[in-house]
Amino acid sequence: MVIFMKILLIIASVGLIAIVLLQKGKSAGLSGAISGGAEHLFGKQKARGMELFMSRLTMVLAAAFFILSIVVAYVVKA
């Protein structure tokens, strides 16, 4: 059981690292360098398509990572 949970934790952590590295930066390009990303902060641009999917997947993987970390730490300690 502990080994299975550790394997799930490793998969979640590698997936989280990969999905974060695949995301596009918020201030990519010359417009972000000049304005400092203010149009993204105050603009009404919503994530659509692949960006929305990747942001939601990042949240799910981050939550899974935190929950699995706490559970594995509790199981190993006990």
Side-chain angles (χ1 to χ4, degrees):
M1 182 70 178
V2 175
I3 295 173
F4 176 71
M5 295 182 87
K6 286 182 180 180
I7 290 172
L8 282 179
L9 182 63
I10 291 170
I11 291 170
S13 63
V14 169
L16 184 62
I17 291 168
I19 201 74
V20 166
L21 289 176
L22 286 174
Q23 287 182 4
K24 187 176 181 181
K26 295 290 182 187
S27 61
L30 187 58
S31 65
I34 294 171
S35 65
E39 71 268 0
H40 293 290
L41 181 62
F42 299 112
K44 297 190 180 208
Q45 298 177 352
K46 293 184 179 179
R48 293 189 180 142
M50 187 58 83
E51 292 177 6
L52 179 63
F53 173 74
M54 291 179 83
S55 68
R56 288 185 179 168
L57 184 61
T58 303
M59 287 187 269
V60 168
L61 285 174
F65 176 77
F66 286 125
I67 291 169
L68 282 170
S69 297
I70 291 169
V71 170
V72 168
Y74 180 74
V75 169
V76 169
K77 184 180 177 185

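Each residue takes its place number in the sequence, starting with 1.
One finds the CD1 atom of Ile67 at 12.5 Å from the CG atom of Leu8 (value rounded to the nearest 0.5 Å). Rounding to the nearest 0.5 Å places CZ of Phe65 at 14.0 Å from OG1 of Thr58. The CD1 atom of Ile7 sits 12.0 Å away from the CG atom of Leu68 when rounded to the nearest 0.5 Å.
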TODO: Assess whether side-chain contact (heavy atoms from CB on, under 4.5 Å) is satisfied between Leu16 and Ser13, documenting all intermediate values.
DONE: CA-CA 5 Å; Leu16 184 62; Ser13 63; 5.7 Å; no
TODO: Carefully, step by step, assess Val75 and Met1 under the rule side-chain contact (heavy atoms from CB on, under 4.5 Å).
DONE: CA-CA 9 Å; Val75 169; Met1 182 70 178; 5.9 Å; no
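Between Met54 and Gln23, the shortest heavy-atom distance links the atoms O-NE2, 3.2 Å. What you find for Ser69 and Leu9 is that their closest heavy atoms are OG-CD1, 3.5 Å.
Linking Ile, Leu, Val, Met, Phe, Trp and Tyr whenever their side-chain heavy atoms come within less than 4.5 Å leaves Met59 and Leu52 in two separate clusters. Taking hydrophobic clusters as Ile, Leu, Val, Met, Phe, Trp and Tyr residues chained together by side-chain heavy-atom distances below 4.5 Å, Leu57 shares a cluster with Val20. Residue Ile11 is not grouped with residue Val14 when hydrophobic side chains (ILVMFWY) are merged at heavy-atom distances under 4.5 angstrom, including chains of intermediate members.
The neighbour count for Ile3 CD1, taken as heavy atoms of other residues, nucleotides or ligands under 6.0 Å away, does not exceed 12.
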